Every structure is written in C-alpha cells, then in structure tokens.
Amino acid sequence: MFKPALQDGHNRRVSYVRISVTDRCNLRCSYCSAPSFSSNHREQILSYEEIVRLVRVLVTLGVDKVRLTGGEPLVRRHIDTLVARIKAVDGINDISLTTNGVLLEKLADPLWDAGLRRINISLDTLDRKKFKEITGCDYFDRVRDGIEAALAVGFSPVKVNVVVMRGVNDDELLDFAALTMKYPLHVRFIEYMPIGVLSTWSGDKVVTEEEMLERISLGIGSLESVVAESSGPARLYRLSEAPGRIGVIAAMSNHFCATCNRIRVTADGRLRPCLLSDTEFDLKKVLRTGGDFFGIAEIVRKAVAAKSAEHDMACNAERKCTRMMSTIGG
Ligand code: SAM
C-alpha cells in the first residue's frame, strides 16, 4: 500500500506514536503527578474506539509503531483488549507498553495473550522505604513481583526505567547497574527532565549521562558499548559477561532531537509534537465531530509540521513545560 510519509520541517520522518490511555495513576510520584490529582472524567478521555480509529489513520500516514502509556495504562479496564485491537491493525509492526508494574503480576499473562511482547517498567528505587517516599504508596513488592512476572511470561526485552534524581536515588546507580549482571533486564537510566510546573525538578537534580557512566565504571567495572537492536533514544552498554544491558537516555545533556521520530497523544485527545513543548493540537474534537480520514490526517500533519528542531531546555534553564508528566504520557 502507498504510504505518504509524515515528514516534518527538519527532514525527520514520524513513524512512532505514544498514546496515553488514561491520566489516572495508582502512584503519586512527586515529580510526575500533581499532589492533588484531579483526573479527567471518563467521557473526556479517548475511548478505545476513538484510539483505534486514530491508529488506523496514523498507519495510513506511515506510523508503524505504538506505545501505550499513561497515567498508568494498567488501571484502564480491559487494556489487553486495546492491545489486541491495535496489534490487529494492518501496518502496525510494533506495540509496546510502559507501566509502573503495580498491577503487572496479574496482567502479564493477558497482555502477552493479547500480543504484547515488549514492556517497560518504571522503578526509581530498590529500597522499599524510599519507594513509599517517592511514590506515596507502599507497593514496592507488587512492582518487584510484576517485573518477575514479566520475565517469567517471556517479555523480551523487559526494560526497567529509572529516572535518576540527585539526592533522591542517585546513590542507587550501582545497585541498579548490578541487576544487569543477574537478570536479562535492560536497566535504563533517564536524565531528569523539567516537566510539569508543579514538579520538584531543578537543574541541580539532573545527573548527566557522563556522570552516570563514570560512576558506574568506577564503581563496578568498565562498560562496553552495545549496538542497539532497535532504534531508540537510549545509548546501550554492557558490563562484562552481563546478561542484561544498561541504557542511558540523555534527554538533557546530549539530546536526541535530531533523530526524533515520535508524536504523543494525551489521554484527553491532544496531539503533542514534542514532549518538552506545550504546543498541542486538538484531535478529540475532530474525532468526536464526525471527522473523516482527511479531517484527522490534517490535524496530524499540522502537528508534525510544528515539530521544532530541538527542545530548548538545557540543564540549568529552570524552565518547565506546563503539564505534569502523568497527564502527558511518558
Ligand atoms: N505509569 C507508567 C509508568 O510509571 O511507567 C507510565 C507513565 S509515566 C509518566 C512514564 C515514565 O515517565 C516513567 O518512567 C516516569 O518515571 C517518567 N517520568 C515522569 N516524569 C519525568 C521527568 N520529569 N523526567 C524524566 N522522566 C520522567
């Protein structure tokens, strides 16, 4: 089938969409959710029918990769059915999901049966007490059980995402890195980004890729560079003989905007050309007012054309985008 590529104004092809299926979350991480959290009413968020309709249009425009996120995607009922429906769209080559893992032990099997094969699990600490401090909830054991379930069911790779925050969890870099010696996990360290006016972000809390790699090499052993099997923002490394991988996503100190191939859809149906920009386009309106293929495609094209060459938030800019991450979709 002829696919008109979605090309932005900076020669980048957009082929990847991250869709937030809910802005609700069962954790309250201070850097990600607002302290008093009012989630959108059910009718304000996109229905599964609307999401699938949108995916069909995006596929026709050249998108072949979808990630489901949130909020917490596993709190949305029957999420496995959405996975199966998106997977069945002709032209989708890759579907993955990002979760905090709290509900994963029970849902790993149904998600696998729905056709999901790749999963990212967010976990910022290996310390039960600190987990409660960061997330406001005593669910460390559930997340650990969720990661174990994902490995047992056969997801591959299972990626563990760690947002590294100075003074909060940077003392655990070596413990997380050591996990890759024991398990076939991809532990991915993410530089802390200035997202959400209410978040506790400040430039001095960002631990850069350079510092992370130096601390890991000095603390555990040298890291060999690994060529990633799929394109993505993480640079990959391996400790000698380790079954797992260490990834670093240096969104702040060494950003990868030049190769950005993605757009984001928020749970309330806004299309965001860039995670770190407040610019959004209203998709829900066109989806709900009988918009046909061309109406939806026009909004998508406008959003892609609005992608800026790069985000403008350097480590010490002390500037944040407005929405909290939980309402954008990470
Ligand atoms: N609830 C799911 C989860 O926890 O993975 C999906 C949504 S969550 C918003 C997605 C990811 O965004 C998580 O790994 C979270 O740690 C990350 N995140 C949130 N705020 C961030 C920030 N300011 N900088 C970097 N990553 C952030």
Side-chain angles (χ1 to χ4, degrees), residues 18-34 37 39 66-76 79 96-104 107 111 118-125 130-131 134-137 139-140 142-143 146-147 150 158-166 168-170 172 176 186-209 212 232-234 247-253 255-256 262 264-267 272 274-276 311 313 315 317-330:
R18 295 170 84 112
I19 302 175
S20 172
V21 297
T22 178
D23 57 352
R24 286 169 52 222
C25 189
N26 43 5
L27 297 180
R28 277 288 164 283
C29 305
S30 54
Y31 67 92
C32 187
S33 310
F37 189 56
S39 73
V66 177
R67 173 173 295 279
L68 299 179
T69 180
E72 171 48 38
L74 302 194
V75 301
R76 182 131 181 211
I79 185 68
S96 53
L97 182 142
T98 300
T99 172
N100 59 31
V102 172
L103 298 174
L104 188 57
L107 287 171
L111 287 168
R118 300 200 305 113
I119 200 156
N120 290 9
I121 303 161
S122 306
L123 177 64
D124 296 328
T125 177
K130 204 194 279 184
F131 184 94
I134 295 174
T135 67
C137 303
Y139 290 159
F140 175 80
R142 292 203 200 184
V143 180
I147 294 173
V158 173
K159 296 180 181 171
V160 174
N161 287 347
V162 186
V163 179
V164 182
M165 296 167 274
R166 194 180 306 284
V168 177
N169 63 352
D170 64 319
E172 295 187 63
F176 271 108
H186 286 204
V187 172
R188 306 186 330 153
F189 297 116
I190 303 173
E191 288 182 358
Y192 189 17
M193 291 181 276
I195 302 172
V197 275
L198 298 173
S199 95
T200 46
W201 185 91
S202 59
D204 57 348
K205 291 195 184 134
V206 178
V207 181
T208 62
E209 172 178 34
M212 291 185 215
V248 183
I249 302 182
M252 301 302 293
S253 70
H255 68 73
F256 34 84
R262 64 190 62 180
R264 290 181 148 81
V265 180
T266 65
R272 275 176 90 97
C274 170
L275 171 63
L276 290 166
H311 74 73
M313 297 172 185
C315 283
E318 301 293 335
R319 201 169 86 71
K320 302 170 183 172
C321 63
T322 309
R323 279 202 198 223
M324 296 299 280
M325 184 69 143
S326 61
T327 74
I328 300 172

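All of these numbers come straight from a predicted model, not from anything done at the bench. Each ligand, and each atom within it, is numbered from 1 in the order the structure gives. Index from 1, following the sequence.
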Residues in side chain to side chain contact (heavy atoms under 4.5 Å, CB included) contact with S30, at least two apart in sequence or another chain: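 Only T200 meet the side chain to side chain contact (heavy atoms under 4.5 Å, CB included) criterion with S30.
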
Taking every non-hydrogen atom, the tightest pair across V75 and R24: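 For V75 versus R24, the nearest heavy atoms are CG2-O, 3.9 Å.
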
Shortest non-hydrogen contact from G329 toward R264: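 That closest heavy-atom pairing would be O-NE, 3.2 Å.
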
Partner of I121 by side chain to side chain contact (heavy atoms under 4.5 Å, CB included), out of T99, N100, T98: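 With I121 as partner, T99, N100, T98 yield a single side chain to side chain contact (heavy atoms under 4.5 Å, CB included), made by T99.
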
Option passing side chain to side chain contact (heavy atoms under 4.5 Å, CB included) with L74 (candidates V102, N26, L111, V21):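 Only one of V102, N26, L111, V21 forms a side chain to side chain contact (heavy atoms under 4.5 Å, CB included) with L74, namely L111.
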
From CG (D170) to CZ (F176), nearest 0.5 Å: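 Rounded to the nearest 0.5 Å, the CG-CZ separation comes out at 12.0 Å.
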
What does the N/O contact table under 3.5 Å look like for ligand 1?
{"from": "ligand 1", "atom 1": "1 (N)", "to": "G71", "atom 2": "O", "distance (Å)": "2.8"}
{"from": "ligand 1", "atom 1": "1 (N)", "to": "E72", "atom 2": "OE1", "distance (Å)": "2.9"}
{"from": "ligand 1", "atom 1": "4 (O)", "to": "S122", "atom 2": "OG", "distance (Å)": "3.4"}
{"from": "ligand 1", "atom 1": "5 (O)", "to": "T99", "atom 2": "O", "distance (Å)": "3.3"}
{"from": "ligand 1", "atom 1": "5 (O)", "to": "S122", "atom 2": "OG", "distance (Å)": "2.5"}
{"from": "ligand 1", "atom 1": "14 (O)", "to": "S122", "atom 2": "OG", "distance (Å)": "2.7"}
{"from": "ligand 1", "atom 1": "16 (O)", "to": "Y31", "atom 2": "OH", "distance (Å)": "2.8"}
{"from": "ligand 1", "atom 1": "23 (N)", "to": "M193", "atom 2": "O", "distance (Å)": "2.7"}
{"from": "ligand 1", "atom 1": "24 (N)", "to": "M193", "atom 2": "N", "distance (Å)": "2.9"}

